[in-house]
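Sequence positions, counted from 1, serve as the residue numbers for this chain.
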Amino acid sequence: MTAAVDRRNTVALTQTPDFTLYGVTLASRLLLGTSQYPSPAILAEAAHASSADVLTVSLRRESARLREGQDFWRLIRDIGARVLPNTAGCYSVKEAVTTAQMAREVFSTPWIKLEVIGEADTLQPDVFGLVEAARILASEGFEVFPYTTEDLVVAERLLDAGCKVLMPWGAPIGSGKGLNNVFGLRALRAHFPDVPLIVDAGVGLPSHAAAAMELGYDGVLLNTAVAKAGDPIAMARAFAQAIQAGRAAFLAGPTQPRDMASPSTPVVGRAVLI
C-alpha cells in the first residue's frame with residue numbers, strides 16, 4: 001500500500017470531493033505548512049493526522065543541493081501529498097519570480113504560493129508587487145496561489161493577472177489571532193462566489209478554521225498553529241475535524257444573528273396557572 005493511499009485510509013475527516021484547485025480535485029480542504037516542526041518524524045505524523053492533500057514547502061536556496069535538503073524533499077514525497085512551493089521571505093517582484101522559477105525546477109510543478117512581502121513587522125503583502133509578480137508568473141505558465149489581503153480591488157487585479165485562486169490572510173503570519181476582518185472576508189466571499197478562496201495565515205485555533213469555513217471559504221492554509229503546538233499531531237487532527245465541522249455547518253445553512261431574543265418554545269397554547 002502506498003503512503004498516499006494509507007494516509008487517506010487512516011484519516012478521512014475532511015473528505016470533500018468537490019474541492020478543485022487549478023483542475024486538481026482534492027479530498028481535504030486543509031493545506032498544511034511544513035516548517036518549524038520539532039522533528040521530521042513529527043512533521044510526517046502531523047501531516048498524516050491532518051489528512052492534508054497539499055503541503056506547502058519553502059525553497060531553501062542555500063541548502064537545496066545539500067544532504068539535509070534532499071532528505072527533506074524525500075520526506076515530503078513519502079508523505080504522499082501534493083507539494084505547493086512558496087516564495088516565503090521574498091520582498092521584491094524580481095526575488096519572488098526568480099524563486100518561483102527555481103521552485104518549479106526543483107519540485108516539477110507549476111503550482112506556486114506567491115508571497116511578496118511589503119512590511120517586515122506584520123509581513124503584510126505588497127499588493128502592488130504581488131499583482132505584478134502574479135502577471136509575470138501566470139504568463140510563464142505558473143498556476144499562482146497569491147497570499148494577499150482581503151481587499152476587493154486587489155482581488156480583482158489578481159484575477160485579471162491570471163490567478164484562479166485567492167488566499168487572503170486571516171491575520172499576520174504566525175500571529176494566531178484568527179480572523180481579524182470578518183466583514184472584509186465575508187465581502188470577498190460574496191463578491192467572488194465562484195472563485196476558490198483559502199484563508200491563509202494567522203489561524204491559531206481550530207475554532208478560527210471552523211469560522212472561516214462557516215463563512216463559505218473553500219479551505220484553510222496554516223502552519224504555526226500545528227507546528228508550534230504542544231502536541232502537533234493532536235492539533236493537526238483537531239484542525240481536520242474543525243474544518244469538516246465548519247464546512248458542514250456552512251452547507252447546512254446556519255441561522256442569522258438577531259438583535260432580539262426569539263423564543264424556541266411556542267408561547268401559544270401554553271398552560272396558564274390560575
Tabulate below the donor-acceptor pairs under 3.5 Å that side-chain atoms of residues 248-256 make, not counting sequence neighbours, or state none.
from	atom 1	to	atom 2	distance (Å)
Q256	NE2	P254	O	3.4

Report yes if some heavy atom in the side chain of T87 is under 4.5 Å from a heavy atom in the side chain of V116; otherwise report no.
-> no
Is it true that a side-chain atom of S175 and a backbone atom of A171 form a donor plus acceptor pair closer than 3.5 Å?
-> no
Where do I79 and A44 come nearest, in terms of heavy atoms and distance?
-> CD1-CA, 3.9 Å
Which atoms form the tightest heavy-atom contact between S28 and D53, and what is the distance?
-> N-OD2, 3.0 Å
Extract all donor-acceptor atom pairs below 3.5 Å that involve side chains of residues 191-203 and protein atoms in other chains or at least two apart in sequence.
from	atom 1	to	atom 2	distance (Å)
H191	ND1	A187	O	2.9
D200	OD1	K113	NZ	3.4
D200	OD2	K113	NZ	3.1

Can I get a per-line list of side-chain donor-acceptor pairs under 3.5 Å for residues 149-159, giving both atom names and the distance, sequence neighbours left out?
from	atom 1	to	atom 2	distance (Å)
T149	OG1	D151	N	3.4
E150	OE1	W169	NE1	3.0
E150	OE2	N181	ND2	2.8
D151	OD1	V153	N	2.8
D151	OD1	V154	N	2.9

Test L55 against R82 for side chain to side chain contact (heavy atoms under 4.5 Å, CB included), laying out the working first.
-> CA-CA 6 Å; L55 299 178; R82 190 179 184 94; over 6 Å; no
Does some side-chain heavy atom of R29 sit less than 4.5 Å from a side-chain heavy atom of R247?
-> yes
Check the pair F107, V57 against side chain to side chain contact (heavy atoms under 4.5 Å, CB included), reporting the backbone distance first and the verdict last.
-> CA-CA 10 Å; F107 298 107; V57 178; 3.6 Å; yes
Decide yes or no for T109 and P85: does some side-chain heavy atom of the first lie under 4.5 Å from some side-chain heavy atom of the second?
-> yes
Answer yes or no: is there a side-chain heavy-atom contact under 4.5 Å between F19 and T25?
-> no
R104 side chain reached by I112 side chain, heavy atoms, under 4.5 Å | no
Any side-chain heavy-atom pair from T20 and L26 closer than 4.5 angstrom?
-> no
So, are D218 and R189 salt-bridged, with charged N and O less than 4.0 Å apart?
-> yes
Given side chains that start at C-beta, do those of F239 and V226 come closer than 4.5 Å, heavy atoms only?
-> yes
Taking it one step at a time, do N223 and L32 satisfy side chain to side chain contact (heavy atoms under 4.5 Å, CB included)?
-> CA-CA 6 Å; N223 186 169; L32 190 66; 5.9 Å; no
Would the number of heavy atoms belonging to other residues, nucleotides or ligands and lying under 6.0 Å from CZ of F128 be above 12?
-> no
